[in-house]
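Note that the structure is a prediction, hence the values are computed from the model and not measured.
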Amino acid sequence: MSIFDRLHYFEKWFILGAIVGVVAGLAATTFYELLHLMEFIFLFKFIGMSYPRPLGEGGTLSFVFNKGHYYLIPFSIAIGGAISGFIVYTFAPEAEGHGTDAAIRAYHDYQGKMRWVVVPVKVIASAVTIGSGGSAGREGPTAQFSAGIGSLLGDLFKLSPEDRRRMVAIGIGAGIGTIFKTPIGGALLAAEILYRRDLEPELIYPGLVASAIGYVIFGSFFGFTPVFGYYLGTFSPFRLPMYAVLGLVSGVMAILYVKSFYGVQHVFKRLKISNYFKPVIGGLIMGAIALVAPEVIGTGYGWINLTEYAKFNAFYSPVLPLIVLLVSLPFLKILATSFSIGSGGSGGVYAPGLVIGATLGADIGLLFHYLFPQVAPAIAPFVIIGMATFFGAAGKVPLSVIVMVTEMTGSLQILPGAMIAVAISYLVSGNYTIYRAQVPTRRDSPAHKMEYETPVMKVLKVKDAKLLDIRVKIHDKVETALSKMTENNFMSLPVTDDNDNFVGAVFLRDLEKADRKDTVARYVIKGVPYVKLDSSFEDCWEIMARLRSRWVCVVDGEKYIGVLPIDNLLQAYEKTVRNVS
């Protein structure tokens, strides 16, 4: 028994949520520092290129791209893939891919159990993958880090499987909310990310506590400025139809993202080569894409800010004209992410989704800016709403992603447009999701199977079983009753009057001391519970258990119909179960 079982729900989950929050804050801080170390080694020292930072992390809008030893980009990403692949496939193969899916799967299928070795493996492998230039997000490893520690704490505190699952889910939301500096969105994400169209409402309260504490710890080291700074633009209702168009396009692109990602992953899984080499091949292909558009490298947060403020002079491609580059970027980022992670690399898919959505929003925004410059004087709101719209559909997290993007940009002005656009993109994208471990609803989750499964004992009715006519009449002799008890191996018998009305029951313990020539009328116990033809087997079982009897009497009105022996009940039950199986 856990020490937390003595506490009330809110007391228990305030404490456990706070513990997970500390874990999330330290996890995000650790990974953030390790990632920057890997970026310094690979991007700045090995390649010698410059890399933009978002405004909330010390970035500037006056960024100038320095390509350095540009030709080394594929080699850097391939080396990162080699190191990441060696670490993952040697120590924890389940750490491959985007991490969040593994944590969701642990919630649904494994009672929240995760191997401890996954935690350090995921952190190191992801830092190397992203730091070397791979297209992936830092939220996936942070989520798996926090979820994995949550699972370990569940075992340490001897929590029930249900509570251990909650610790894992809270870890996912707190980890992502902390690394993005979005505590409210992180709490909602913990409840929403497990399903395609449902929520775990009981996770919101501990999620709020965990995300808030994680945010405070992370922000104490790296500041509390929103990741993408503050957007101060105003809302215009005339742009709502434009946002609706953005939602429609984003929904289609979300399907393309999911299909491309898992299509590439399927190809690599079927390759007849060692798993250790697959991330290297994926890295080389992704590196070739980066030679065309270096904007696809890494998390891409800095490029989002530059896109938001239309600083296109900072963009670079050796072969593509600027307008072609801008139109191509959403598609190139999809391919880059698919090859980086789908080949066996390690990292998140959320951050790439934000980049895809931002560049897609920029394209739509530019189109409307040139067509209707008075209504759409800037592309910034399209970029911001594009982030929410695209990943709300691709990740099936419409509610939390709206809040998270609002927190990341420090603006409530985009909410009405984002709500309309996300609703449309979510509708258009259907059941396609980048998180394949998600299940449609709580009813479909093994974690809630017993809550929604209707037991066979409740479905089967008395009329579905074979009844027997075993009884004594009220004027029968005691010796007759004893004979019938012995014959049927019963410890009691139902009693009826001359009109076949059910009167009660007689019990062996009373008749053994009686005169054999007496009538059973003197020993009848009235008020014995009975069932009807439409009563369930569960009702019958409950009465048998209470009376410690091998039968239950079946009555219609007051008329005796028969008895249902336990053997006949079990026979009908087993027959039904066999047919269902």
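- Here the shortest heavy-atom pairing between Val128 and Ser84 reads CG1-N, 4.4 Å.
- For the side-chain contact (heavy atoms from CB on, under 4.5 Å) with Tyr309, the lone residue among Asn305, Thr307, Leu306 that qualifies is Asn305.
- In terms of heavy-atom proximity, Val209 sits nearest to Gly17 at CG1-C, 3.8 Å.
- Counted within 6.0 Å of CZ on Phe221, heavy atoms from surrounding residues, nucleotides or ligands total 12 or fewer; the atom is thus considered open.
- A side-chain hydrogen bond (donor to acceptor under 3.5 Å, both in side chains) check over residues 349-370, counting only residues at least two apart or in different chains, returns nothing.
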Which atom pairs, one a donor and one an acceptor, fall under 3.5 Å between side chains of residues 381-389 and the rest of the protein, sequence neighbours left out?
unit_1, atom_1, unit_2, atom_2, d
Thr389, OG1, Ile385, O, 2.6

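- Applying ring pair (Phe, Tyr, Trp, His ring centres under 6.0 Å) to Tyr316 and the options Trp303, Tyr51, Phe65, Phe63 leaves one that passes, Phe65.
- The side-chain hydrogen bond (donor to acceptor under 3.5 Å, both in side chains) pairs that include a residue from residues 220-231 number zero, where partners must be two or more places apart or lie in different chains.
- Within the 4.5 Å cutoff, side-chain heavy atoms of Leu194 are placed close to those of Leu203.
- Between the Ser411 side chain and the Leu232 main chain, no donor and acceptor come within less than 3.5 Å of each other.
- A donor-acceptor pair under 3.5 Å is formed between the side chain of Lys278 and the backbone N or O of Phe268.
- Legend: ring-ring contact (aromatic ring centres under 6.0 Å, His included) pairs involving residues 14-36, not counting sequence neighbours, sorted by first then second residue: Tyr32-His36, Tyr32-Phe218, Tyr32-Phe222.
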Run the side-chain donor-acceptor check on residues 390-409: report pairs under 3.5 Å with partners two or more places apart or on a different chain.
unit_1, atom_1, unit_2, atom_2, d
Lys396, NZ, Ala393, O, 2.6
Lys396, NZ, Ser429, OG, 2.8
Lys396, NZ, Gly430, O, 3.3
Lys396, NZ, Tyr432, O, 2.6
Ser400, OG, Glu192, OE1, 2.6
Thr406, OG1, Ile402, O, 2.7
Glu407, OE1, Gly185, N, 2.8
Glu407, OE2, Ile184, N, 3.2
Thr409, OG1, Val405, O, 2.8
Thr409, OG1, Thr406, O, 3.4

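- Checked by atom type and distance alone, the side chain of Thr142 never pairs as donor or acceptor with a backbone atom of Ile179 at under 3.5 Å.
- A heavy-atom distance below 4.5 Å is found between the side chains of Val121 and Val88.
- In this pair, Tyr107 and His448 present their aromatic rings tilted. The plane angle is within the 30 to 60° band.
- The side-chain heavy atoms of Met167 and Val20, taken from C-beta on, include a pair separated by under 4.5 Å.
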Can you check side-chain contact (heavy atoms from CB on, under 4.5 Å) on Leu354 and Phe180, steps first, answer last? CA-CA 11 Å; Leu354 295 180; Phe180 280 142; 4.1 Å; yes

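- For Arg165, the salt bridge (charged side-chain N to carboxylate O under 4.0 Å, His left out) test picks out no residue, with sequence neighbours left out.
- For the atom pair Ser343 OG and Lys269 NZ, the distance stands at 10.5 Å (nearest 0.5 Å).
- The two residues His108 and Ala437 have their closest heavy-atom pair at CD2-O, 3.4 Å.
- Counting heavy atoms from C-beta on, the side chains of Leu367 and Val245 never come closer than 4.5 Å.
- Listed by chain and residue number, Arg196, Arg197 satisfy the side-chain contact (heavy atoms from CB on, under 4.5 Å) test with Asn431 (two or more places apart in sequence, or in another chain).
- Legend: side-chain hydrogen bond (donor to acceptor under 3.5 Å, both in side chains) pairs involving residues 238-247, not counting sequence neighbours, sorted by first then second residue: Arg239-Tyr243.
- A donor-acceptor pair is defined here as one N or O able to donate and one able to accept, closer than 3.5 Å; such a pair exists between the side chain of Arg164 and the backbone of Gln111.
- In this structure a side-chain-to-backbone donor-acceptor pair under 3.5 Å is present from Tyr262 to Ile434.
- Interatomic distance, CD1 of Ile424 versus OG of Ser250, reported as 10.0 Å (0.5 Å rounding).
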Go through Val258 and Thr433 one step at a time and tell me if the side-chain contact (heavy atoms from CB on, under 4.5 Å) criterion holds. CA-CA 6 Å; Val258 173; Thr433 174; 5.6 Å; no

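- The number of heavy atoms from other shown groups lying within 6.0 Å of CG (Leu412) does not exceed 12.
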Does Leu153 form a side-chain contact (heavy atoms from CB on, under 4.5 Å) with Val23? I'd like the steps, not just the answer. CA-CA 10 Å; Leu153 290 174; Val23 170; 4.1 Å; yes

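- Proximity of Leu415 to Phe235: side-chain heavy atoms (C-beta onward) are nowhere separated by under 4.5 Å.
- Shortest non-hydrogen contact noted between Leu159 and Asp163 is CB-CB, 3.8 Å.
- Thr178 contributes no side-chain N or O that, together with a main-chain N or O of Gly175, makes up a donor-acceptor pair within less than 3.5 Å.
- Closest of all the heavy-atom pairs between Ser340 and Met286 is OG-CG, 3.1 Å.
- For Ser132, the side-chain contact (heavy atoms from CB on, under 4.5 Å) partners are Phe42, Ser76, not counting sequence neighbours.
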Atom pairs and distances, donor-acceptor, side-chain atoms in residues 328-339, under 3.5 Å, two or more places apart:
unit_1, atom_1, unit_2, atom_2, d
Ser328, OG, Val324, O, 2.7
Lys333, NZ, Ser135, OG, 3.0
Lys333, NZ, Val296, O, 2.9
Lys333, NZ, Gly298, O, 3.0
Thr337, OG1, Ser135, OG, 2.8
Thr337, OG1, Lys333, O, 2.8
Ser338, OG, Phe261, N, 3.4
Ser338, OG, Ile334, O, 2.7

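- Atom NZ of Lys12 is surrounded by more than 12 heavy atoms from other residues, nucleotides or ligands within 6.0 Å.
- Side-chain atoms of Ser346 and Lys122, non-hydrogen and from C-beta on, do get closer than 4.5 Å to each other.
- Side-chain atoms of Gln144 and Met114, non-hydrogen and from C-beta on, do get closer than 4.5 Å to each other.
- At most 12 non-hydrogen atoms from other residues, nucleotides or ligands lie less than 6.0 angstrom from CE of Met419.
- Contacts of Ala310 classified as side-chain contact (heavy atoms from CB on, under 4.5 Å), with partners at least two apart in sequence or in another chain: Phe312, Ile379.
- Residue pairs meeting the salt bridge (charged side-chain N to carboxylate O under 4.0 Å, His left out) criterion with at least one member in residues 49-58, sequence neighbours excluded, are Glu39-Arg53, Glu57-Arg138.
- Annotation for Arg442 and Leu199: closest pair CD-O, 3.3 Å, computed over non-hydrogen atoms.
- Residues Leu55 and Phe228 fail the side-chain proximity criterion, which asks for heavy atoms closer than 4.5 Å.
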Candidate pair Leu246 and Phe368, rule side-chain contact (heavy atoms from CB on, under 4.5 Å), full reasoning: CA-CA 10 Å; Leu246 176 57; Phe368 284 122; over 6 Å; no

